[in-house]
Chemist: 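Below you'll find the structure I mean.
First the proteins, then the strands, lettered A, B, ... as listed; each starts at 1. The figures that follow rest on heavy atoms only: side chains count, while hydrogens, waters and symmetry mates do not.
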Protein chains: 2
Amino acid sequence: MKDTGRLEAELKKKGYKLTEQRRLIIEVFSENPGHHTAQEIFDLAKRKLRSINFSTIYRNLELLSALDIINKLYIESGTSHYELCGGTHHHHIICKGCGETREMNICPYESLEEEKLNELGFKVTDHKFKIYGYCSKCRP
Amino acid sequence: MKDTGRLEAELKKKGYKLTEQRRLIIEVFSENPGHHTAQEIFDLAKRKLRSINFSTIYRNLELLSALDIINKLYIESGTSHYELCGGTHHHHIICKGCGETREMNICPYESLEEEKLNELGFKVTDHKFKIYGYCSKCRP
DNA sequence: CTCCTTTTTGCAAATCATTTGCATTTACAT
DNA sequence: ATGTAAATGCAAATGATTTGCAAAAAGGAG
Ligand SMILES: [Mn+2]
Ligand SMILES: [Mn+2]
Ligand SMILES: [Zn+2]
Ligand SMILES: [Zn+2]
């Protein structure tokens with residue numbers, strides 16, 4: 001039994017149901033830390049529940065993102081990547097050569113002055129910061 | 001005659017040719033400041049050169065991005081957006097409701113300490129910073 | 001300017017990720 | 001145990017982007 005706690009709570013709060021597949025998706029993320037594509041999650045999940053369907057994966061990755069249980073990244077390769085939330089807040093540095101994505105604990109948001117933000121007139125919900133470059137293997 | 005200068009130079013440098021369609025794409029960007037999808041660029045370009053093809057747009061948006069003449073944004077709506085480089089360095093704040101994307105002159109990269117960056121072992125080439133939220137019209 | 005080689009274009013078809021409609025199954029509150 | 005709303009599996013649809021290929025255009029050399 002995994003820490004179904006958070007998941008169950010968030011789902012119930014909005015009238016969603018706690019299904020085997022939802023539990024499984026979270027389980028797969030827990031057991032495989034890091035960033036994953038829908039395809040990867042599907043493959044991993046399928047090993048444990050042969051009947052699971054790709055649509056279900058997509059629908060739930062979307063839902064879980066909306067619930068802030070997972071985080072949808074756009075590693076700009078045409079394919080979205082997802083990671084479990086709840087780790088420490090972090091951002092990413094991405095190699096343009098091989099696509100390797102490393103986490104950074106640097107967060108530039110924290111040092112922004114509130115007045116500058118208010119000035120924008122937005123109700124801010126979140127932010128993303130990415131650095132691009134070449135890792136040691138990929139120096140061109 | 002537009003400022004074909006930069007374009008011509010960058011192309012020649014790598015053995016690419018200066019074609020009418022390439023010139024046109026830049027022209028369209030110049031005359032229509034801001035962010036555009038491939039579709040939008042195609043529509044605008046088509047008005048001036050009826051024969052222009054969608055593949056050509058895509059191929060060149062890709063090429064021009066590689067040459068750092070235009071900038072490919074990922075406004076996370078499944079469709080890439082592009083903007084002309086060369087304006088002032090800036091980042092974006094995006095409304096999750098309507099998709100409106102406003103520019104911010106805030107750049108968090110500048111205040112990062114070099115040592116932290118070196119520590120990452122990457123040869124950094126560029127970065128992106130995005131803030132998400134809801135604009136005044138879209139407060140949920 | 002003309003010729004030659006290389007790159008680019010237009011076109012059509014293909015690919016890839018993601019989404020949707022619908023009939024059936026499941027969760028869970030009563 | 002029952003009823004209803006929500007979720008799943010399946011197959012088909014979408015939408016953006018990419019690709020192969022033959023014909024056209026660009027740019028350098030002569
Ligand atoms: Mn991460
Ligand atoms: Mn911009
Ligand atoms: Zn942050
Ligand atoms: Zn910046």
Chemist: Scan side-chain atoms only and decide if His89(B) and His127(B) contain a donor-acceptor pair under the 3.5 Å cut-off.
Modeler: yes
Chemist: Suppose we call a contact any N or O donor and acceptor under 3.5 Å apart; does that hold for the side chain of Lys17(B) and the base of dA25(D)?
Modeler: no
Chemist: Please report the C-alpha distance between His36(A) and Tyr82(A) in whole Å, then the side-chain angles of each, then the deciding distance to 0.1 Å, and finally whether the ring-ring contact (aromatic ring centres under 6.0 Å, His included) criterion is met.
Modeler: CA-CA 5 Å; His36(A) 302 284; Tyr82(A) 304 81; 9.8 Å; no
Chemist: What is the nucleic acid contact for Tyr16(B), judged by heavy atoms within less than 4.0 Å: base, sugar-phosphate only, or nothing?
Modeler: sugar-phosphate
Chemist: If I take atom CG in residue Leu49(A) and atom C1' in nucleotide dT26(C), what distance separates them, rounded to the nearest angstrom?
Modeler: 13 Å
Chemist: Rounded to whole Å, please give me the gap between CZ in Phe54(B) and C1' in dG15(D).
Modeler: 10 Å
Chemist: Between Asn53(A) and dA11(D), is there a contact of a side-chain N or O with OP1 or OP2 at under 4.0 Å?
Modeler: no
Chemist: Map Ser80(A) and Thr19(A) onto DNA chain C by nearest heavy atom, then report which one ends up closer to the 5' terminus.
Modeler: Ser80(A)
Chemist: Do any side-chain nitrogens or oxygens of Gln21(A) fall under 4.0 Å of OP1 or OP2 in dG9(D)?
Modeler: yes
Chemist: Could you state the CG-C1' distance from Asn60(A) to dT18(C), rounded to the nearest angstrom?
Modeler: 14 Å
Chemist: Picking from dC11(C), dT8(D), dG28(D), which would you name as closest to the side chain of Lys12(B)?
Modeler: dG28(D)
Chemist: Could you go step by step and tell me if Lys14(A) and Glu10(A) meet the salt bridge (Lys or Arg N to Asp or Glu O under 4.0 Å) rule?
Modeler: CA-CA 7 Å; Lys14(A) 308 226 173 122; Glu10(A) 289 297 324; 5.5 Å; no
Chemist: Hey, which sits more toward the 5' end of DNA chain D by its nearest nucleotide, Ile52(A) or Glu62(B)?
Modeler: Ile52(A)
Chemist: Which one, dG10(C), dT19(C), dA16(D), comes nearest to the side chain of Ser51(B)?
Modeler: dG10(C)
Chemist: Expressed as a whole number of angstroms, how long is the span from Leu61(B):CG to dT8(C):C1'?
Modeler: 15 Å
Chemist: Rounded to the nearest angstrom, tell me the gap between atom CD in Gln39(A) and atom C1' in dT15(C).
Modeler: 14 Å
Chemist: Return the value, rounded to whole Å, for the distance between atom CG of Leu63(B) and atom P of dT9(C).
Modeler: 9 Å
Chemist: Kindly state whether the ring of Tyr74(B) and the ring of Tyr74(A) have centres lying under 6.0 angstrom apart.
Modeler: no
Chemist: When only distance counts, do a donor and an acceptor, one from the side chain of Ser55(A) and one from the base of dA12(D), lie under 3.5 Å apart?
Modeler: no
Chemist: What's the CG-P distance between Leu64(B) and dT8(C), to the nearest Å?
Modeler: 11 Å
Chemist: Can you tell me if the side-chain N/O atoms of Tyr58(B) get under 4.0 Å from OP1 or OP2 in dT17(D)?
Modeler: yes
Chemist: Report the distance from atom NZ of Lys72(A) to atom P of dA17(C), rounded to the nearest whole Å.
Modeler: 14 Å
Chemist: When the nearest nucleotide of DNA chain D is assigned to Tyr82(B) and to Leu18(B) on a heavy-atom basis, which residue is associated with the more 5' position?
Modeler: Tyr82(B)
Chemist: Is Arg59(A) touching bases, backbone alone, or none of the nucleic acid, heavy atoms closer than 4.0 Å?
Modeler: base
Chemist: Side chains of Glu103(B) and His35(B): donor-acceptor distance under 3.5 Å anywhere?
Modeler: yes
